[in-house]
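These notes concern the structure reproduced below.
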Amino acid sequence: MSDPAPQGATGSWTPSRPLSLGVEEEFFVADGKTHELCDITPLLDSMAENRSRHGTEDYGTELRSCIIESRTAICWSLSGLRADLRTRRDALVRAATEAGCAIVAAGTYPSGDWRQVGFTPQPRFDHIAGTYARLAAEHLVCACHVHVGVEDRDTAVAVINRVRPWLPVLLALAASSPLWTAEDTGYASYRTILWARWPMAGIPPTLSSYADHRARVRRFIDIGVSADAGQLFWDVRPGTRYDTVEFRIADACTTVDEAVLQAGLSRALVHRCLTEIARGEPAPPADPELLVIAKWRAARFGLSGELVDPLAAELVPAAVLVDRFLDHVRGPLTDAGDWAETTGLVDQAFRRGNSADRQRRALTRSRRVADVVELLITETMATESR
């Protein structure tokens, strides 16, 4: 498959130049005593009263009234990103504590009931709720989005075409939604299954150019399926507000370590793709059906079972596929000085399990969903990283 014209365009990027990073994290907000999901208004009020400490412009609302989003600044290193994520989480934790709330980073809230949670009153969200009815009503999920800077829009599209086979690995590492309405779903990422029901979600098709992308967005808006470009919910897409490649595959990352791992791997993958494009190397063929199957298995089993390698068209243990991914991005990780930290975080993920594994162990120990919620609150609101 050829890349979008102009061939090999990479803007002003060179292999020796670091790529920018940014992360958007979504959090559930719960009552600090009952741990039931609650409206974020008291939390926002607390942050507004302490604007100098909390920086309210770095936080935003989401579709459901119990979810708040945090946005990092543009970062150029994993250490800088880690510090930024830590600072913003700590500010959110302080404000939540002052407001009598708790925050939880997970793809789904273990004991959450979508029937008990309202929508945030905004015209855009009103459109989504009105258009999608029960589908929107049941949509009570949180994600982690990673932005990697790619200025040239055609090049961003070429990168998106190339990263798709590796999205299941990112999903397996970040899976944090095994429970839904207080029941174990059997999935590591049930959020992925809920997202799959939306008509404009999932793995993107092969795009010929950024103009092709814009035409698709325009068509979706014209036929009423989307209110704007932001309602194209692909697992990876050209950034809508920034000149980035935006990875949207990951569940909300329970710990800062897991968010840093997502960002580091995503940036290395973009770097590898840019290098291939600059060299004129053809993109590997990716069977659309295998991409869907590979993503499904990552959502189902996470790191605990066998996953599909869509390039080799074979079933392999999760650890093998992750190792293949690390081999694929070894050069960029090494060049950025991120190899040791990233492989250490991967080892930690297999040693401790991803968030879904940890939640399921907590449920197995006590058979109490409340204990899973307690675990998530503790891990999300931890004031120190590993």
Side-chain angles (χ1 to χ4, degrees), residues 25-28 30 35 37 67 103-112 114 139-146 166-196 235 247-263 265 293-308 316-322 325 345-382 386:
E25 294 195 282
E26 295 170 353
F27 300 91
F28 291 107
H35 293 171
L37 292 172
I67 296 174
I103 61 170
V104 166
T108 56
Y109 194 79
S111 59
W114 55 270
H139 197 70
L140 186 60
V141 300
C142 285
C144 174
H145 300 161
V146 176
W166 300 108
L167 294 177
V169 176
L170 296 174
L171 173 59
L173 288 165
S176 65
S177 50
L179 276 69
W180 176 250
T181 60
E183 295 181 351
D184 190 334
T185 66
Y187 282 80
S189 174
Y190 194 63
R191 166 189 162 272
T192 297
I193 304 307
L194 294 170
W195 260 119
D235 297 326
F247 291 82
R248 304 168 52 84
I249 188 73
D251 286 359
C253 292
T254 303
T255 67
V256 169
D257 279 345
E258 286 161 326
V260 170
L261 178 58
Q262 283 292 307
L265 290 175
I293 293 169
K295 176 185 168 184
W296 175 82
R297 282 200 71 95
R300 172 67 173 87
F301 297 105
L303 298 177
S304 64
E306 291 186 312
L307 302 181
V308 172
V316 296
V320 171
L321 188 58
V322 173
F325 184 31
L345 291 174
V346 169
D347 289 344
Q348 177 177 264
F350 278 99
R351 186 174 65 253
R352 298 180 58 216
N354 58 22
S355 179
D357 294 328
R358 301 195 300 273
Q359 291 178 54
R360 198 162 271 133
R361 286 201 300 267
L363 183 63
T364 299
R365 283 194 297 267
S366 69
R367 301 294 178 184
R368 297 179 67 249
V369 174
D371 289 347
V372 181
V373 175
E374 288 276 7
L375 171 70
L376 288 171
I377 291 173
T378 299
E379 290 193 355
T380 302
M381 298 179 66
R386 66 183 171 95

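What you are looking at is a predicted structure, and each value in this text was computed from that prediction instead of being measured.
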Residue pair [X] / [Y]: nearest heavy atoms and the distance that separates them:
X      : Y      : result
Val146 : Ala263 : CG1-CA, 3.8 Å
Ser177 : Ser189 : OG-CA, 3.1 Å
Phe247 : Leu170 : CD2-CD1, 3.9 Å
Leu307 : Gly302 : CD2-O, 3.6 Å
Ser111 : Val373 : OG-CG2, 3.9 Å
Pro168 : Ala298 : O-CB, 3.3 Å

- By side-chain hydrogen bond (donor to acceptor under 3.5 Å, both in side chains), Thr380 pairs with (sequence neighbours left out) none

- Message: Using the side-chain hydrogen bond (donor to acceptor under 3.5 Å, both in side chains) criterion, which residues pair with Asp235? Sequence neighbours excluded.
- Response: Lys295

- Message: Run the salt bridge (Lys or Arg N to Asp or Glu O under 4.0 Å) test against Glu26 and tell me which residues pass, sequence neighbours left out.
- Response: none

For [X], side chain to side chain contact (heavy atoms under 4.5 Å, CB included) partners two or more places apart:
X      : result
Thr185 : Trp180, Tyr187, Tyr190
Arg358 : Thr254, Thr255, Glu258, Arg352, Ser355, Arg361, Leu375, Glu379
Ser366 : Arg368, Asp371
Ala106 : Val104, Ser176, Gln359, Leu376

- About how many Å separate CG of Leu171 and CG of Leu303, when rounded to the nearest 0.5 Å? 9.5 Å

- Message: For the CG atom of Leu194 and the CG atom of Leu140, what is their distance to the nearest 0.5 Å?
- Response: 9.0 Å

- Can you list every pair that meets salt bridge (charged side-chain N to carboxylate O under 4.0 Å, His left out) and has a residue in residues 166-189, with sequence neighbours left out? Asp184-Arg360

- Task: Look only at the side chain of Thr108 and the backbone of Arg191, and say whether a donor-acceptor pair between them is shorter than 3.5 Å.
- Result: no

- Query: Taking the side chain as C-beta and beyond, is there a heavy-atom pair between Ile103 and Phe28 under 4.5 Å?
  - Reply: no

- Message: Tell me every residue that passes ring-ring contact (aromatic ring centres under 6.0 Å, His included) with Phe301, counting only those two or more places apart in sequence or in another chain.
- Response: none

- Results of ring-ring contact (aromatic ring centres under 6.0 Å, His included) for His35 - residues two or more places apart only: none

